[in-house]
Asks: 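Before I ask anything, let me first share the structure, which is written out below as structure tokens.
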Amino acid sequence: MCGRIDFHDPKPFLEDMQKYYDWDISDYIRYETAATGYNIPPSSDILTWHEHHHIPLIEPMHWGLIPFWAKDPAIGNRMINAKSETLTQKPAFRTAFRHRRCLIPVNGFYEWQKFPGTKQKQPYYIKAKEKPYLLLAGLWDRWEKENIKSCTIITTDANEALKPIHNRMPVIIPPEEARLWLDDEITQTDILTPLLKPISPEALEIYPVSEYVNSPVHNDRNCIERV
DNA sequence: CCAGACGTTGTT
DNA sequence: GTCTGG
DNA sequence: CCAGACGTTGTT
DNA sequence: GTCTGG
């Protein structure tokens, strides 16, 4: 699963974005109101990267997807993750999967290890081994009623490195696959399903952190310190 | 036909 | 909006 | 994801 | 137990 992210340093991502496109995209980057920090929970306005006919838009969206047809936006509280295996079937996600895919940059994310029969929970921090950020696969939607854009993070089976901690993890898209994932002219999703797999365990660094991170009001460097 | 749901995870 | 259940 | 609330009336 | 807020 993926219910808490670290995005304390947006710079490397934003710099890479300008390199990725070979023209000036500064007008298409709107990150000023995006949530940044070491401990960002669902319902925050997290930064997303998507495209419309190959024109990028990098902007914050409410984490917790509110389908365009929703009567009550509170439905977003339960849509913080989307299971990759059933994206084409679920009413809340299938249209977004065909037309509105996005990537969510994070410096890292957290998973909690639970111990059966106890209330004990051990949080872990997960980051890229050799890069300052990861791109998580997401979907987005627009709720016309109040013009709210919202997003969700797609999950898959945990890889071998994460399995001891948790059985699910976010889908992580390698930078070289971003072009394909974000292409909104692709509406036949078959060619995207190979991307919806667990990332190689070698790509990740994982270590335990303090329960300090449990409370979302804690939002400083202590959240990502190894214990 | 209308009404009501539309989600994931983990645990039992 | 679209599907499921009654 | 976790933490914290979960209620109404009337009075200050 | 379940929902809301962060």
Side-chain angles (χ1 to χ4, degrees), chain A residues 1-8 33-47 60-100 104 106-127 134 136-145 148 150-159 162-172 187 196 198 206 208-220 222-224:
Chain A
M1 203 169 182
C2 185
R4 208 75 75 79
I5 61 174
D6 164 35
F7 194 52
H8 67 275
T33 58
T36 54
Y38 293 89
N39 193 7
I40 303 172
S43 82
S44 307
D45 291 327
I46 59 175
L47 199 62
M61 291 192 195
H62 177 91
W63 183 7
L65 188 141
I66 303 164
F68 64 93
W69 43 256
K71 290 190 189 83
D72 179 1
I75 192 174
N77 297 336
R78 289 168 298 170
M79 306 284 181
I80 67 168
N81 291 135
K83 195 174 180 177
S84 58
E85 295 90 329
T86 53
L87 290 182
T88 55
Q89 301 152 33
K90 299 293 184 179
F93 301 133
R94 59 189 167 200
T95 316
F97 183 38
R98 291 186 67 214
H99 301 289
R100 290 179 298 278
I104 294 151
V106 300
N107 298 120
F109 62 94
Y110 302 93
E111 295 288 357
W112 277 260
Q113 182 179 37
K114 291 181 180 172
F115 302 93
T118 73
K119 289 174 191 166
Q120 200 194 345
K121 272 175 293 194
Q122 174 61 56
Y124 287 80
Y125 180 63
I126 301 103
K127 65 190 283 291
L134 293 165
L136 308 186
L139 305 174
W140 66 278
D141 213 332
R142 183 192 289 106
W143 195 52
E144 301 284 355
K145 224 168 167 180
I148 298 172
S150 60
C151 63
T152 188
I153 294 172
I154 301 172
T155 63
T156 184
D157 279 329
N159 65 23
L162 266 153
K163 233 167 232 173
I165 298 165
H166 204 79
N167 65 340
R168 304 289 292 174
M169 69 182 290
V171 171
I172 297 166
T187 56
L196 299 175
I206 304 171
V209 294
S210 161
E211 290 178 62
Y212 182 77
V213 74
N214 288 11
S215 172
V217 307
H218 297 150
N219 189 13
D220 57 64
N222 292 315
C223 293
I224 64 167

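Naming convention: chains lettered A, B, ... in sequence-line order (proteins, then strands); numbering from 1 in each chain.
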Asks: Nearest to the side chain of R94(A), heavy atoms from C-beta on, is which of dC3(C), dT8(B), dC1(D)?
Replies: dC3(C)

Asks: Over how many whole Å does the gap from Y124(A) atom OH to dC1(D) atom P extend?
Replies: 17 Å

Asks: Once you round it to whole Å, what is the distance between P of dC1(D) and CD of E211(A)?
Replies: 16 Å

Asks: Just compare dC6(B), dT9(B), dC1(D) and give me whichever is closest to any side-chain atom of I75(A).
Replies: dC6(B)

Asks: Rounding to the closest angstrom, what is the interatomic distance between dG5(E) and dT9(B) at atom P?
Replies: 24 Å

Asks: State whether the side chain of R4(A) and the backbone N or O of N214(A) hold a donor-acceptor pair below 3.5 Å, judged by distance alone.
Replies: yes

Asks: Among dG1(C), dA3(D), dT9(B), which is the nearest nucleotide to the side chain of K121(A)?
Replies: dA3(D)

Asks: Short question: side chain of D45(A), backbone of A35(A) - any donor-acceptor pair under 3.5 Å?
Replies: no

Asks: With rounding to the closest Å, how many angstrom separate the C1' atoms on dC3(E) and dG7(D)?
Replies: 15 Å

Asks: Does the D157(A) side chain pair with the main chain of P198(A), one donor and one acceptor, at a distance under 3.5 Å?
Replies: no

Asks: In dot-bracket, 5' to 3', how would DNA chain D read with Watson-Crick or G-U wobble pairs under 3.5 Å, [ ] for crossing ones and | for pairs to another strand?
Replies: ||||||......

Asks: Please measure how far the P atom in dG4(B) lies from the corresponding atom in dG10(D), and state the result in whole Å.
Replies: 34 Å

Asks: Taking the side chain of N77(A) as heavy atoms from C-beta outward, which of dC6(B), dG6(E), dT4(E) is closest to it?
Replies: dT4(E)

Asks: dA5(B) and dG6(E): how far apart are their P atoms, nearest whole angstrom?
Replies: 27 Å

Asks: In this structure, how many angstroms lie between the C1' atom of dG1(C) and the CZ atom of F68(A), rounded?
Replies: 5 Å

Asks: What's the closest nucleotide to the side chain of K114(A) if the choices are dG7(B), dC1(D), dT9(B)?
Replies: dC1(D)

Asks: Check whether any side-chain N or O of W63(A) sits under 3.5 Å from a backbone N or O of P41(A) as a donor-acceptor pair, and report yes or no.
Replies: no

Asks: dC2(D), dT9(B), dG7(B): which one has an atom nearest the side-chain heavy atoms of R4(A)?
Replies: dC2(D)

Asks: In sequence, state the C-alpha distance, the side-chain angles, and the governing distance for V209(A) and C223(A), and then conclude on side chain to side chain contact (heavy atoms under 4.5 Å, CB included).
Replies: CA-CA 7 Å; V209(A) 294; C223(A) 293; over 6 Å; no

Asks: So A82(A), base contact, sugar-phosphate only, or nothing? Heavy-atom distance under 4.0 Å.
Replies: sugar-phosphate

Asks: Could you state the atom-to-atom distance from CH2 of W69(A) to P of dT4(C) in whole Å?
Replies: 14 Å

Asks: Is E211(A) salt-bridged to K119(A), going by a charged N under 4.0 Å from an acidic O?
Replies: no

Asks: With the side chain of P216(A) defined as its heavy atoms from C-beta on, choose the nearest nucleotide among dC6(B), dC1(D), dG6(E).
Replies: dG6(E)

Asks: Describe the nucleic acid contact of S84(A) in one word from base, sugar-phosphate, nothing, applying a heavy-atom distance below 4.0 Å.
Replies: nothing

Asks: Has S215(A) got a side-chain N or O lying under 4.0 Å from the OP1 or OP2 atom of dG6(E)?
Replies: no

Asks: With nearest nucleotide decided by heavy atoms, which residue, R78(A) or V217(A), maps closer to the 5′ end of DNA chain E?
Replies: R78(A)

Asks: Atom NZ of K90(A) and atom P of dG7(B): how far apart are they, to the nearest Å?
Replies: 5 Å

Asks: Would the base of dG5(E) count as contacting S43(A) through its side chain, where contact means a donor and an acceptor less than 3.5 Å apart?
Replies: no

Asks: Could you say whether the aromatic ring of Y110(A) and the base of dC1(D) stack, counting only centre distances under 5.5 Å and plane angles under 30°?
Replies: no

Asks: Suppose you measure atom C1' in dT11(D) against the same atom in dA3(B); what distance do you get, rounded to whole Å?
Replies: 44 Å

Asks: Just the rounded figure in Å: distance from C1' of dT4(E) to CH2 of W63(A).
Replies: 16 Å

Asks: Classify the nucleic acid contact of S44(A) as base, sugar-phosphate or nothing, counting any heavy atom under 4.0 Å across all strands shown.
Replies: nothing

Asks: Can you measure D72(A) atom CG to dC3(E) atom C1' for me and round it to whole angstrom units?
Replies: 12 Å

Asks: Check H166(A) against A158(A) and note the closest heavy-atom contact, atom names and distance.
Replies: O-CB, 3.1 Å

Asks: Ring-plane angle category for Y110(A) and Y125(A), please: parallel below 30°, perpendicular beyond 60°, tilted otherwise.
Replies: tilted

Asks: N81(A) side chain to I154(A) main-chain N or O, any donor-acceptor pair under 3.5 Å?
Replies: no

Asks: Pick the P atom in dC6(B) and in dT8(D), then give their distance to the nearest Å.
Replies: 26 Å

Asks: When we call it a touch if two heavy atoms are under 4.0 Å apart, what does L65(A) touch: a base, just sugar-phosphate, or nothing?
Replies: nothing

Asks: CG of N81(A) versus P of dC2(D): gap in Å, rounded?
Replies: 12 Å

